[in-house]
Amino acid sequence: MSAYANLLLVMLMAVDLYMVSTTRLDACIRACIIQAMILATLPFVLGGIHPDMAFSEQMHFVILAGATQIVKGVVIPWLLFRALRTLSSNREFEPFMSLHYSQLINCALCGVGFWGAAVLPWPVEHPHPLALGVALSTLLIGLYMAINRKKAISQILGYLVIESGLFVAGWALLKQPSSLMELGVLLDLLVAAMVMGILATRMDAAADDARDGNGGGDE
Amino acid sequence: MNGLGWILIIPALFALASLVMPRPRAVLWLAVIGSFISAAWMVVVGWEAFDHRVSTLRQQIFLDALSAYHCLIVVGVFALASVYAFYYFTSSGNAHPFDRRTARRFGCLWFLFLDSMILTLAANNLGLMWVGMEATTITSALLVCLDPDRPAVRAAWTYLMMCSVAIALALLSVIIACAEARIVTGTGQSVFLWTELCELAPKMHSAPARLAFVFALVGFGTKAGLAPMHGWLPEAHGQAPTPVSAVLSGVLLNCALYCISRFVSIVEPTSPGWANSVLVPFGLFSMAVAAAFIAHERDIKRLLAYHSVEHMGIITLGLGFAAPGAALFHTLNHSVCKMLTFFCAGALVQGFGTRDMGRMHRTLRFLPLAGGGFLAGVLALIGAPPFSIFMSELWIAKAGILNGHIPAVVVFISIAAVVFVCAFRHAIEMTWSRPDLPPPADGTRGISAALVLLPLALLLVIGVWMPEPLRHALQQAAAIIGEP
């Protein structure tokens, strides 16, 4: 089980780094779908599931994984793609910091994440060697993504990456989250993404109009 | 399910009903009726909670003295703000038309906002509390941009993004606290309830509890508008329709501080006095930052927003001085007073057609009710006796001296004096100066006498005399945070 968990966590980090190093929004949203698939599988290898568990408890894992997959892997990407279509054809986004510097900063953030996982007093009995480090690095990279992008719609992706980091942290620390909490958090995430999508579309549309009105001189 | 569940169901039903109302006025009437019914039901249920804890839905929802105290403030402020919303939206001084679609959206979001705040306060499950807190952000961000002009959307976006990210960090604190409690039980049993967490708190290790508290302070502190995480607050309060500003400032910030005070009661048994030493600098810094902006602010609603930052700092300071009773009393006073000042400010903005205080003049003559109410409200807000904010600030300062935080008390009083002078200058200029400018064009009254006099009378009465039920409620609620 541990080998699978390591593989999934390393894949998660790779997706994070891919999202930072691309400027195409649709590629970023596709990366989000892959991330959601990894997250939905993670509870089985990271959580406290084992064969001699009661059937109802095993079902609990299956339901949570399914809900995660549907919300994070299907509905939210669909909403984002739809928002992207209503905007102008400009699918690239401009980061404040160039991609090269972003890569360097992200390496540093990963270092900080793993360092934080090692030194801070986390309440965990048998720590998984990678899980907390990956969780904190993902959280920090998500924060960086939310700050470093001009377009509002690409800031939403940063927020989603932050939530992914928290999801990993939750499973690493709690082993068996209450389904009420987990489903509530997913529902909130869904509504938040929806509202953010609406506001971002309005803001980016206004920004595009302003730029077109100026003759697009800065393009 | 007993009567407690209905405190969540009633607002939800009214939110649905708002969507099918035929006319804008009907929605506003529904808002008034619905929030008064919610308030009445909350009084019935909450009264019991001051003597013993009530819970429902397998203990997931509960009311103890602390949450009941905050809930009663929330429903009280909502009830009066709904009445004010009636005056605000039917007045002719609005930039945007209040058509049927806007009205329905307002009514639905208004009740959902109320519901999410009650869920935050009445959730025993930490996860549910977090869900409620995030829901308050989403619903209120949509209320902030009810008028879809560009600055409002931008303000709502900043608010939604900053608070969502911060509340995500707060989720980490919830996870850490629950994980530590799970280890402490020794049986691998998951723990998600406040009531269980408080029982387990003395057995927890101090380091993870502190880690949870730090994340909670940063996460919920952003939502409470504590400096330096207050960036979203002035914009959102300034751009929101005034009834929404009143509720944001009057009760939403309290809900975030409520969550922090719950975490105080968990970290306090493991490391006595540590949480206080973190809260005091945060409180003083918030006050100082707010004072600097209050001195130069020209926008009347942003001025009140910075006052919120200041008062959240004072409440945090009260918690840091280990005087939760004083902090809770100040919470009530601030909510009532901020509601009053926002009502009057809203009427002044509609009357003069501007938010710039430099262009409001002789308010007492042109708009006597709103102008007089604003002057009295600002006097109460900056801590002039005999209003109750003076009493609660005195109580906090006294607790600080008794607990040995003398340098902090000196800084506290100095900043309060600076705020007093600066805010009073703004109020005097608006009330009496500039006789050469033309009078406001529109003669709308924009507010009723009851909305001004009722809060003002309350501030006066509890400033000079504390009724026995209030004293009892404060004692019971403070005992939960940990009054020594």
Side-chain angles (χ1 to χ4, degrees), chain A residues 48 116 120-126 135-136 139 142-143 146-147 152 155-156 158-196 198-207 209-210, chain B residues 57-58 60 116 119 123 125-135 137-139 141-142 144-145 148-150 153-154 156-162 164-165 167-169 171-172 174-184 188-193 204-212 214:
Chain A
L120 289 176
W122 301 98
V124 57
E125 281 166 319
H126 310 291
L136 286 188
L139 211 156
L143 265 174
I147 295 166
Q155 291 170 7
I156 302 177
Y159 174 67
L160 291 178
V161 173
I162 294 176
E163 286 281 348
S164 303
L166 282 172
F167 187 91
V168 181
W171 281 103
L173 291 174
L174 287 177
K175 312 286 186 204
Q176 280 173 301
S178 85
S179 49
L180 191 65
M181 177 167 165
E182 196 68 28
L183 292 177
V185 170
L186 276 174
L187 181 71
D188 251 3
L189 180 66
L190 176 64
V191 181
M194 210 153 71
V195 172
M196 282 176 179
I198 296 168
L199 290 185
T201 320
R202 276 199 214 163
M203 279 191 37
D204 286 341
D209 287 350
Chain B
L57 291 175
R58 286 187 287 166
Q60 302 292 323
S116 57
L119 178 64
N125 186 316
L126 268 82
L128 271 186
M129 179 202 76
W130 184 88
V131 169
M133 200 76 229
E134 175 65 20
T137 311
I138 297 168
T139 48
L142 285 174
V144 167
C145 61
D149 50 357
R150 188 128 182 263
V153 175
R154 182 162 283 279
W157 174 258
T158 314
Y159 167 44
L160 184 61
M161 210 60 207
M162 261 188 91
S164 294
V165 169
I167 301 249
L169 290 183
L171 181 59
L172 197 53
V174 168
I175 293 172
I176 295 170
C178 291
E180 174 64 17
R182 181 171 170 271
I183 293 173
V184 168
Q189 193 78 34
S190 300
V191 178
F192 293 103
L193 303 182
M204 284 187 192
H205 299 98
S206 64
R210 289 180 185 189
L211 190 65
V214 168

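Sequence lines set the chain letters: A, B, ... in the order given, protein chains first and strands last, and positions in each chain run from 1. Values below: every heavy atom of this structure, side chains too, minus hydrogens, waters and symmetry copies.
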L166(A) and I175(B) have their tightest heavy-atom pair at O-CD1, 4.0 Å

Quick one: what part of L172(B) sits under 4.5 Å from any heavy atom of chain A, side chain, backbone, both or neither? both

Quick one: what part of E163(A) sits under 4.5 Å from any heavy atom of chain B, side chain, backbone, both or neither? side chain

Sub-4.5 Å side-chain heavy-atom contact between L174(A) and F192(B): yes

For L143(A), is it the side chain, the backbone, both or neither that has a heavy atom under 4.5 Å from a heavy atom of chain B? side chain

Measure I162(A) against the heavy atoms of chain B and call it side chain, backbone, both or neither at under 4.5 Å. side chain

Closest heavy-atom contact between R202(A) and P148(B)? NH1-CB, 3.8 Å

Taking all non-hydrogen atoms of both residues into account, name the closest pair between A179(B) and P123(A) and its distance. CB-O, 3.7 Å

Once side chain to side chain donor-acceptor pair (under 3.5 Å) is applied, do any residues pair with R210(B), and if so which ones, sequence neighbours excluded? S271(B)

Within the structure provided, determine whether L169(B) and L139(A) are in side-chain contact (heavy-atom separation under 4.5 Å). yes

What pair of heavy atoms forms the shortest contact from Y159(A) to S164(B), and how long is it? CE1-CB, 3.5 Å

Okay, A135(A) and chain B: the region with an atom under 4.5 Å from a heavy atom over there is neither

Might you point out which heavy atoms bring D188(A) and A135(B) nearest each other, and give the distance in Å? OD2-N, 3.9 Å

So which of V153(B), L126(B), I183(B) has the largest heavy-atom pair count under 4.5 angstrom toward chain A? I183(B)

V174(B) versus chain A, heavy atoms under 4.5 Å apart: side chain, backbone, both or neither? side chain

Which one wins on heavy-atom pair count under 4.5 Å against chain A: R154(B), M161(B), Q60(B)? M161(B)

According to side-chain contact (heavy atoms from CB on, under 4.5 Å), who are the partners of L120(A), at least two apart in sequence or on a separate chain? W122(A), L211(B)

Check whether L187(A) gets within reach of chain B through its side chain, its backbone, both or neither, counting any heavy atom under 4.5 Å. neither

Are the side chains of W157(B) and M196(A) in contact, using a 4.5 Å heavy-atom criterion? yes

